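Accompanying notes for the structure given below.
Being a predicted model, the structure only gives us computed values, none of them experimental.
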Amino acid sequence: MSTLAILEFPDPRLRTVAAPVTVFDAELKQFVADMYETMYAANGVGLAATQVNVHKRVLVADMSDDRNAPLALINPEILEKDGQQVYQEGCLSFPGIYADVTRALRVKVRAQDVDGKEILIEVEGPLAVCIQHEMDHLAGKVFVDYLSPLKRGMLLKRMEKQRKASA
Ligand SMILES: [Zn+2]
């Protein structure tokens, strides 16, 4: 396994719309294993293929405290959503910045596993936030898109300052 390089905003490649996965082979399994390794190494709770510059509909997540509940979704689709929650989100492509985003409380998702078998799950709370956040990446969207221009400008300025300080 190997860790993959994570694209950081404002890298324009984060705006790429991912294509569906059609081949479920050893290469896909290896890629998912590398995504898990990359997510855990970066202490993230979720990672979309877009963030590692692979433009296929693949995401991984693990919202558990013990980091032992890995979930990989291939070709995820939201079938139903309801309710509303505000959650403070971060993103591995935006090091050091966090912001409150409003999303659906519950989502019903259809996806495939690494073997191409159908997965149907209903999740709520933080895991529902995570899946919606990662699915946005696959559509070329990022969480700061939900913020007001003023708030977004402030956060991006802060991120830039931190980047310069650590360079
Ligand atoms: Zn993200």
query: With sequence neighbours left out, which residue pairs that include part of residues 8-31 fulfil the ring pair (Phe, Tyr, Trp, His ring centres under 6.0 Å) condition?
result: Phe9-Phe94

message: Could you work out, with side-chain contact (heavy atoms from CB on, under 4.5 Å) as the rule, every residue matching Ala42, not counting sequence neighbours?
response: Ile6, Leu92

query: Do you know the tightest heavy-atom contact between Val114 and Leu28?
result: O-CD2, 3.9 Å

- request: Evaluate the side-chain proximity of Ile121 to Leu71: yes if any heavy-atom separation is below 4.5 Å, no if none is.
  value: yes

message: Under the rule for side-chain contact (heavy atoms from CB on, under 4.5 Å), what residues qualify as partners of Asp115, not counting sequence neighbours?
response: Lys29, Asp113

- prompt: Do Asp34 and Thr3 have side chains that get closer than 4.5 Å, going by heavy atoms?
  reply: no

query: What pairs of residues pass the ring pair (Phe, Tyr, Trp, His ring centres under 6.0 Å) test when at least one of them lies in residues 69-92, not counting sequence neighbours?
result: none

Distance-minimising heavy-atom pair for Thr50 and Arg13: CG2-O, 4.0 Å

query: Would you call Gln162 and Pro95 a side-chain contact if the rule is heavy atoms closer than 4.5 Å?
result: no

Pairs flagged by salt bridge (charged side-chain N to carboxylate O under 4.0 Å, His left out) wherever residues 83-98 is involved - sequence neighbours left out: Glu89-Arg103

- request: Kindly compute the distance separating CD (Glu37) from OG (Ser2), expressed to the nearest 0.5 Å.
  value: 6.5 Å

Non-hydrogen atoms of Gln132 and Ile78 that approach each other most closely: CG-CD1, 4.1 Å

- prompt: With distance as the sole test, does Arg106 use its side chain to make a donor-acceptor pair with the main-chain N or O of Gly83 at under 3.5 Å?
  reply: no

- prompt: Can you find a heavy atom in the side chain of Leu155 that is under 4.5 Å from one in the side chain of Leu147?
  reply: yes

field: Spacing of CG belonging to Asp100 relative to CD belonging to Gln88, to within rounding of 0.5 Å
entry: 5.5 Å

task: Carefully, step by step, assess Val17 and His55 under the rule side chain to side chain contact (heavy atoms under 4.5 Å, CB included).
output: CA-CA 7 Å; Val17 176; His55 302 289; over 6 Å; no

query: Which atom names give the shortest non-hydrogen contact between Gln85 and Pro126, and what distance separates them?
result: OE1-N, 4.3 Å

field: Partner residues of Arg110 under the side-chain contact (heavy atoms from CB on, under 4.5 Å) criterion, sequence neighbours left out
entry: Glu77, Leu79, Glu118, Leu120

field: Spacing of CD1 belonging to Ile74 relative to OG1 belonging to Thr22, to within rounding of 0.5 Å
entry: 12.0 Å

Transitive ILVMFWY side-chain link Val101 to Leu105, under 4.5 Å: no

From Leu156 atom CG to Lys161 atom NZ, the distance as rounded to the nearest 0.5 Å: 13.0 Å

query: Of all residues at least two apart in sequence or in a different chain, which pass the side chain to side chain donor-acceptor pair (under 3.5 Å) check with Tyr40?
result: Asp62

- line: One should read off an interatomic distance between Lys157 NZ and Ile97 CD1, to the nearest 0.5 angstrom, of 13.0 Å

query: Should Val107 and Met135 be counted in the same cluster of Ile, Leu, Val, Met, Phe, Trp and Tyr side chains packed under 4.5 Å apart?
result: yes

task: Taking the side chain as every heavy atom from C-beta outward, state whether His137 and Cys91 have any pair of such atoms under 4.5 Å apart.
output: yes

message: Quick check for you: to the nearest 0.5 Å, what is the distance between Glu122 atom CD and Asp82 atom CG?
response: 8.5 Å

- prompt: Any side-chain heavy atom of Leu4 sitting closer than 4.5 Å to one from Val54?
  reply: no

message: Ser93: which residues meet the side chain to side chain donor-acceptor pair (under 3.5 Å) condition with it, sequence neighbours left out?
response: Gln51

- prompt: Val60, Ile131: one ILVMFWY side-chain cluster at the under-4.5 Å cut-off?
  reply: no

query: Can you tell me if CD on Glu27 sees more than 12 non-hydrogen neighbours from other groups inside 6.0 Å?
result: no

Residue pair Val52, Leu47: steps toward the side chain to side chain contact (heavy atoms under 4.5 Å, CB included) verdict: CA-CA 8 Å; Val52 293; Leu47 184 69; 4.1 Å; yes

- request: Determine, using the 4.5 Å side-chain heavy-atom cutoff (strictly less than), whether Val45 and Val109 are members of one ILVMFWY cluster.
  value: yes

task: Could you tell me which non-hydrogen atom of Ser64 sits nearest to which non-hydrogen atom of Ala69, and how far apart they are?
output: OG-N, 3.5 Å

- request: Please collect all ring pair (Phe, Tyr, Trp, His ring centres under 6.0 Å) contacts where either partner lies in residues 146-167, sequence neighbours excluded, each pair once.
  value: none

statement: Scanning both residues in full, the closest heavy-atom pair of Cys130 with Gly46 reads SG-CA, 4.0 Å

Enumerate donor-acceptor pairs with a distance under 3.5 Å from any side-chain N or O in residues 138-145 to protein atoms, sequence neighbours excluded.
from	atom 1	to	atom 2	distance (Å)
Asp145	OD1	Arg15	NH2	3.0
Asp145	OD2	Arg15	NH1	2.8
Asp145	OD2	Val142	N	3.1

- request: Is it possible for you to say whether Leu7 and Met159 belong to one hydrophobic cluster, with membership spreading through side-chain heavy-atom contacts below 4.5 Å?
  value: yes

Under the side chain to side chain donor-acceptor pair (under 3.5 Å) test, residues paired with Gln112 that sit two or more places apart: Asn75

task: Could you list the residues that satisfy side-chain contact (heavy atoms from CB on, under 4.5 Å) with Glu160, not counting sequence neighbours?
output: Arg163, Lys164

